[in-house]
Amino acid sequence: MALIVLMLSALILDGFDSKLLSYAAPLILKEWNLTQAAFSTALAAAMAGMAIGAAVGGWLGDRSGRRNVIVGSLILFGAATIASGYSSNKEWMTVFRLISGVGFGAIVPNAMALCAEWLPPRLQSRVIAIMAVGSPAGGMVGAGITITLLPEYGWRGVFIIAGIATAVLGLIMLVWLPESPTFSLLKGREKQLEKDWRRIIRSPLPVDQSALAAAAAERKREGPRPRKSIFVPELLRLNVGMALLISTGPFAIYIFGSWMPVMLTTAGLKISDAIQGSFVLNLLAVIAGLSAGELVRRYGTLIMYIGCGIVMIASLVTVAAVLAWSDAPGLGWSKIILLGALGGYGAGGGALVSTASSNMTASYPADRRATGVGFGVTSARIGMIISIFAGGHLLTGFNNDPNGLFLVAGLAMLVVIGSAFIIDRHIPGRRSASAELKPAPAE
């Protein structure tokens with residue numbers, strides 16, 4: 001339980017930190033006398049860093065240990081966040097946000113892989129689903145914290161406080177966090193594994209000492225084993241399908257969510273109603289993400305992907321219809337229908353991300369799990385980066401008419417549904433709570 005709490009805390013801080021610049025942007029723009037366009041590079045820098053960090057961090061985690069990468073990444077992005085609070089211009093802010101992104105991007109694949117390897121199969125999909133909503137939950141929590149701290153400490157103080165909290169969590173993990181069982185065995189660290197097992201599981205390691213000693217001796221005779229890659233023929237369909245699904249899904253989520261307040265206020269809603277719509281979307285995303293673990297176990301990932309795609313497309317059509325046909329979408333039944341549709345879109349998106357996270361964690365071989373999850377997270381970050389720029393261009397090109405954006409988001413969800421049929425390593429659906437997914441072999 002303590003392991004899960006620590007990993008979830010890291011992901012919540014990740015979500016808080018990744019949204020922090022957006023929350024502080026109005027004050028920074030005023031202080032530095034910048035336009036939104038001039039500041040867009042700094043906003044996108046964290047996403048770019050996350051894409052790099054997820055790819056490199058997952059690869060490093062499989063080679064240097066999940067624990068080492070998680071601890072180092074927390075300290076790195078904590079220090080970079082503190083430095084962001086001392087930035088004097090947008091150039092330095094861009095550099096520090098890029099470094100921050102690399103740090104917290106590396107945490108996600110290693111945190112998921114580490115938890116998966118310490119959990120029994122019956123709990124993996126549930127816990128990974130919970131961890132998948134850590135980042136959006138951090139964004140929601142961070143909004144409240146930022147509003148509380150800004151009047152007293154200013155935007156610089158909020159960055160510094162967030163950075164210190166992150167670095168302190170890194171130091172706590174340096175003392176307490178165990179290494180993954182798979183990595184310890186591959187490195188011949190049986191004694192350390194047994195010590196960690198007794199501390200985490202509170203029972204003896206379920207392998208006798210003679211077997212561990214024989215395995216260690218065999219490894220010494222064989223010498224170092226060649227590194228395996230995820231880019232092999234047997235993983236081709238998983239790689240291609242997951243890259244398409246996990247890039248177009250977050251693209252559709254972020255292109256809609258990021259520009260939703262602009263779309264709603266342009267359509268005639270008050271800013272308070274637009275913020276309320278954003279809150280409902282994010283709240284339902286978190287709730288659905290938490291529920292996705294159990295739904296995956298019952299229905300499987302293929303059905304979940306199809307269901308999420310259909311729900312999100314139907315929600316887009318409903319939002320478009322309300323904005324087009326209602327004279328006063330901020331009043332009466334039209335507002336209720338609009339909020340319901342926004343909630344449906346958020347629920348579909350939250351469940352989609354959690355489902356994909358569970359699928360990646362369960363499907364990649366254990367000795368390449370962090371690399372595989374890192375590959376998927378990098379694909380997702382690329383989709384998010386594209387969405388930041390695409391949404392603005394679509395709204396501008398269509399003279400603030402959101403229908404072009406709705407169309408592109410809907411097409412992206414059709415790609416998600418199609419990608420689900422490319423993936424050949426799905427978590428199968430089981431109605432019986434006693435039926436469990438077998439862990440992926442080390443190959």
If you draw a 6.0 Å radius around CH2 in W32, do more than 12 non-hydrogen atoms from other residues or ligands fall strictly inside?
-> yes
Show me the side-chain donor-acceptor pairs of residues 161-171 shorter than 3.5 Å, one per line, residues at least two apart or across chains.
residue, atom, partner, partner atom, Å
T166, OG1, A162, O, 2.9

Side chain to side chain donor-acceptor pair (under 3.5 Å) partners of N359, counting only residues at least two apart | Y305, S363
Should L281 and F256 be marked as a side-chain contact (heavy atoms from CB on, under 4.5 Å) after you check the CA-CA gap, both sets of side-chain angles, and the distance that decides it?
-> CA-CA 10 Å; L281 185 146; F256 185 78; 3.9 Å; yes
Side chains of F96 and T81: closer than 4.5 Å at any heavy-atom pair?
-> no
Is the backbone of L238 close enough, under 3.5 Å, to the side chain of R425 for a donor and an acceptor to pair up by distance?
-> no
CE of M242 to CG of L235, rounded to nearest 0.5 Å, is 11.5 Å
Neighbour count above 12 (heavy atom, 6.0 Å) for N89 CG = yes
Closest non-hydrogen atom pair between A292 and S354, with its separation | CB-CB, 3.6 Å
When rounded to the nearest 0.5 angstrom, what is the spacing between CE in M173 and CG in N68?
-> 13.5 Å
I99/F77 under side-chain contact (heavy atoms from CB on, under 4.5 Å): CA gap, chis, key distance, verdict = CA-CA 7 Å; I99 296 173; F77 92 68; over 6 Å; no
Might you point out which heavy atoms bring R67 and P178 nearest each other, and give the distance in Å?
-> CB-O, 3.8 Å
Please list, one pair per line, the donor and acceptor atoms closer than 3.5 Å that link side chains of residues 101-112 to other protein atoms, with sequence neighbours excluded.
residue, atom, partner, partner atom, Å
N110, ND2, G57, O, 3.0
N110, ND2, A106, O, 2.9

Side-chain contact, heavy-atom cut-off 4.5 Å: M93 with I28?
-> yes
Considering residues at least two apart in sequence or located in another chain, which fulfil the salt bridge (Lys or Arg N to Asp or Glu O under 4.0 Å) criterion with E91?
-> none
With sequence neighbours excluded, residues passing side chain to side chain donor-acceptor pair (under 3.5 Å) with N239 = Y364
Any donor-acceptor pair under 3.5 Å from R368 side chain to S229 backbone = yes
With sequence neighbours excluded, residues passing ring-ring contact (aromatic ring centres under 6.0 Å, His included) with F231 = F375
Sequence neighbours left out, what passes salt bridge (Lys or Arg N to Asp or Glu O under 4.0 Å) with R66? Give chain and number order.
-> D62, E117
Give, for atom CE of M50 and atom CD1 of I52, the distance between the pair rounded to the nearest 0.5 Å.
-> 11.0 Å
Measure the shortest side-chain to side-chain distance between L295 and M304 over non-hydrogen atoms and say whether it is less than 4.5 angstrom.
-> yes
Specify the closest pair of heavy atoms between L74 and A10, including all atoms of both residues, with the distance to one decimal.
-> CD2-CB, 4.2 Å
Can you list the residues that meet the side chain to side chain donor-acceptor pair (under 3.5 Å) rule with W155, with sequence neighbours excluded?
-> E31
Determine yes or no for a side-chain-to-main-chain donor-acceptor pair under 3.5 angstrom, with S247 supplying the side chain and L244 the backbone.
-> yes
G349 and M312 have their tightest heavy-atom pair at N-SD, 3.5 Å
Just jot down the side chain to side chain donor-acceptor pair (under 3.5 Å) partners of T301, sequence neighbours excluded, or say none.
-> H426
Would you say the side-chain atoms of T361 pair up with the backbone N or O of S358, donor to acceptor, closer than 3.5 Å?
-> no
Under 3.5 Å, sequence neighbours excluded: what are the donor-acceptor pairs made by side chains of residues 403-424?
residue, atom, partner, partner atom, Å
N403, ND2, D401, OD1, 3.1
S419, OG, V415, O, 2.7

Could you go step by step and tell me if Y86 and I160 meet the side-chain contact (heavy atoms from CB on, under 4.5 Å) rule?
-> CA-CA 8 Å; Y86 290 98; I160 293 170; 3.7 Å; yes
Mark yes or no for whether R156, through its side chain, and G85, through its backbone, hold a donor-acceptor pair below 3.5 Å.
-> yes
Measure across Y345 and A252 and return the closest heavy-atom pair with its distance rounded to 0.1 Å.
-> OH-O, 2.7 Å
Closest non-hydrogen contact found for L323 with P402 is CD1-CG, 4.4 Å
Positive for side-chain contact (heavy atoms from CB on, under 4.5 Å) with I230, one of T371, L236, V373 | T371
With sequence neighbours left out, which residue pairs that include part of residues 96-106 fulfil the side chain to side chain donor-acceptor pair (under 3.5 Å) condition?
-> D17-R97
Spatial distance of atom SG (C308) from atom CG (L245) [nearest 0.5 Å] = 9.5 Å
Please round to the nearest 0.5 Å and tell me the distance separating atom CG of L283 and atom CG of L342.
-> 12.5 Å
What residues, two or more places apart in sequence or in another chain, satisfy side-chain contact (heavy atoms from CB on, under 4.5 Å) together with T378?
-> A51, A54, A55, I382
Heavy atoms, side chains only, cut-off 4.5 Å: are I310 and I313 in contact?
-> no
Could you walk me through whether I255 and L394 pass the side-chain contact (heavy atoms from CB on, under 4.5 Å) test, one step at a time?
-> CA-CA 10 Å; I255 197 174; L394 283 169; 3.9 Å; yes
Would a distance-only check, ignoring hydrogens and angles, find a side-chain to backbone donor-acceptor pair under 3.5 Å from R298 to E294?
-> no
If you measure from OG on S87 to CZ on F159, what distance do you get to the nearest 0.5 Å?
-> 8.0 Å
